[in-house]
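Each remark here refers to the structure printed beneath this line.
Note that ligands are numbered from 1 as they come in the structure, with each ligand's atoms numbered from 1 the same way.
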Amino acid sequence: MSHQTIIIVDFGGQYNQLIARRVRENNVYCEVVPYKDAIKAIREKKPVGIIFTGGPASVYQPSAPDIDAAVYDMGIPILGICYGAQLMAQALGGKVERQQRQEFGKIPIQATGGLIQQVVDSDVSWMSHNDQIVQPPAGFATTATSELCPYAAIEDAARKLYAVQFHPEVEHTPFGRAFLRVFLYEVCGCTGDWTTASFVQATIEDIQKTVGEGRVLCALSGGVDSTVCAVLTHKAIGERLTCVFVDHGLMRKNEGDEVMDTLAKEFKLNVIRVNAGERFLAKLAGVTDPEQKRKIIGAEFIEVFTEEAQKLGKMDFLLQGTIYPDIIESGVGDAALIKSHHNVGGLPEKLGFTLLEPLRLLFKDEVRRVGTQLGIPRFIVQRQPFPGPGLAVRCLGEVREDKLFILRESDAILRQEIAAAHLDEEIWQYFTVLPNLRSVGVMGDERTYAHAVGIRAVTSTDAMTSDWARIPYEVLERISTRIVNEVSGVNRILYDCTTKPPSTIEWE
Ligand code: XMP
């Protein structure tokens with residue numbers, strides 16, 4: 001796939017993936033590379049530009065993360081952010097020191113020239129640093145200052161080296177997007193050649209080249225990533241792709257049928273549906289420990305999938321919907337650990353496959369755009385995250401069909417009402433849980449002793465942290481009334497108003 005590349009050198013900062021997102025939003029392809037592997041990657045990939053990220057260390061510590069100084073003489077434009085800026089300044093003969101008074105948060109800065117003044121004169125910028133440049137290297141001009149930071153931005157335009165103490169990648173720096181854009185387009189000469197259409201075309205060709213006359217097996221879950229991956233691969237190799245959809249009986253209401261209707265009927269993919277619900281429930285009988293439940297489901301999945309795969313005869317590749325956040329590891333680790341087997345853990349080893357991961361370079365929203373480009377319906381492309389072990393992690397205590405029925409029905413009502421209130425794009429994830437507790441109620445003139453159903457609805461950007469969604473009372477009222485009236489066995493509705501941490505999004 002030929003396109004211009006920006007290499008983001010990862011020094012362990014917390015916003016590294018965000019920098020990558022910002023670059024990609026500008027239709028420019030980029031890769032995040034741990035600092036230890038960076039010089040090799042730069043030599044191999046010949047990027048049009050380099051960005052150094054922030055990081056928690058101090059550049060003057062003896063073991064501080066560093067990069068071969070040869071990088072500054074390659075003629076490739078470099079933008080250093082925070083730690084990256086300090087590292088560049090020190091490497092080229094400037095000085096970095098810890099300051100008595102530090103800057104954290106929204107700090108006003110004043111542009112005085114250079115690249116930054118092309119996009120802003122004065123504004124706030126997001127700062128988060130203890131150290132700062134106290135003397136720029138020879139040849140660098142000062143282009144922005146703040147009250148406490150005389151060198152908030154410096155540059156050596158002749159060598160195309162730029163260093164900024166603030167974080168242009170975060171929303172709290174209002175001119176940050178524009179600043180990154182001028183760096184990419186005017187300094188690095190980017191042309192915006194990373195588009196969804198070009199990705200689809202190039203990936204189809206890549207898959208054809210890699211697979212040749214081989215056969216590919218796909219473990220289809222019905223989620224966004226595996227669906228997009230299967231449709232894309234089907235476009236490339238048609239009939240030589242076989243998908244196995246293990247329906248573990250722990251999906252949401254009608255979900256299995258919807259997956260089959262879309263992929264098998266509409267897109268004409270060769271999908272084998274294995275209805276294994278009873279098998280999974282039999283294995284889960286009497287098990288109440290959350291971790292034990294997860295382990296049983298994972299192991300049974302591999303068992304069922306392997307049986308099906310063996311029936312199909314020789315397959316050469318295993319298609320997986322691994323995406324970029326699964327692959328990026330913090331650059332401060334010893335090596336870039338690849339967590340790419342997380343979806344169907346253990347399968348490639350067991351079945352001796354070569355992995356095929358056509359989405360491995362995409363972020364989630366890019367996967368969604370590819371899905372849309374391929375004509376996959378919106379209800380799949382915009383699907384909220386759903387855990388591999390399915391409703392089992394929302395069904396506390398023993399997993400039983402009568403409890404799963406309550407979960408499926410109540411969850412369907414919740415989803416209908418959230419969609420009707422147009423909240424489905426605002427709320428990251430929303431579902432019902434069955435806490436496995438019953439309480440006394442009254443219905444008609446009769447006493448009831450029935451289940452309580454919990455509603456979990458959260459806002460988040462990456463599922464690492466989350467806040468509880470402020471669903472309007474009228475919407476909660478409708479959901480509550482409908483669930484107790486329409487789902488037998490339920491007489492009480494609870495709303496989960498805890499953040500993560502200390503909670504998690506799922507209940508198990
Ligand atoms: P927690 O509960 O850890 O969940 O806050 C964070 C996000 O991950 C999803 N999740 C899973 N996804 N397999 C998955 O593919 C799993 O086993 C799993 N467990 C949790 C959860 O739905 C949320 O979006």
Quick note, salt bridge (Lys or Arg N to Asp or Glu O under 4.0 Å) partners involving residues 264-277, not counting sequence neighbours, are D247-R273, D257-R273, D261-K265
Validate the cation-pi geometry between R24 and Y324: distance from NZ or CZ to the six-membered ring centre under 6.0 Å, angle to the ring axis within 45°.
yes
Applied to residues 277-290, the salt bridge (Lys or Arg N to Asp or Glu O under 4.0 Å) test, sequence neighbours excluded, yields R279-E300, R279-E307, K283-E300
For atom 4 (O) of ligand 1, state which one of T465, I297, V393, I505 supplies the nearest heavy atom.
I505
For atom 18 (C) of ligand 1, which of the options A392, G390, P387, P385 provides the nearest non-hydrogen atom?
P387
Can you list the ligand 1 atoms lying under 4.0 Å from a non-hydrogen atom of T504?
1 (P), 2 (O), 5 (O)
Options R294, M464, Q384, E506, ranked by nearest heavy atom to atom 2 (O) of ligand 1, top entry:
E506
Does the N or O separation between A463 and ligand 1 drop below 3.5 Å for any pair?
no
Counting both backbone and side chain atoms, is some N or O of W428 under 3.5 Å from an N or O of ligand 1?
no
Under a 4.0 Å N-O cut-off, is there an ion pair linking E398 with K293?
no
Show which atoms of ligand 1 fall inside a sub-4.0 Å distance from at least one heavy-atom site of Q429.
21 (C), 22 (O), 23 (C), 24 (O)
A side-chain contact here means heavy atoms from C-beta on lying under 4.5 Å apart; do V287 and V399 qualify?
no
L232 side chain reached by L359 side chain, heavy atoms, under 4.5 Å
yes
I'd like to know if D225 pairs up with K364 as an ion pair, taking the criterion as any Lys NZ or Arg NE/NH1/NH2 lying under 4.0 Å from an Asp or Glu carboxylate oxygen.
yes
Heteroatom distance test (G388, ligand 1): nitrogen or oxygen, under 3.5 angstrom
yes
Polar-atom distance check: R394 versus ligand 1, any N or O pair below 3.5 Å?
no
For K500, the atoms of ligand 1 under 4.0 Å from one of its heavy atoms are 1 (P), 3 (O), 5 (O), 6 (C)
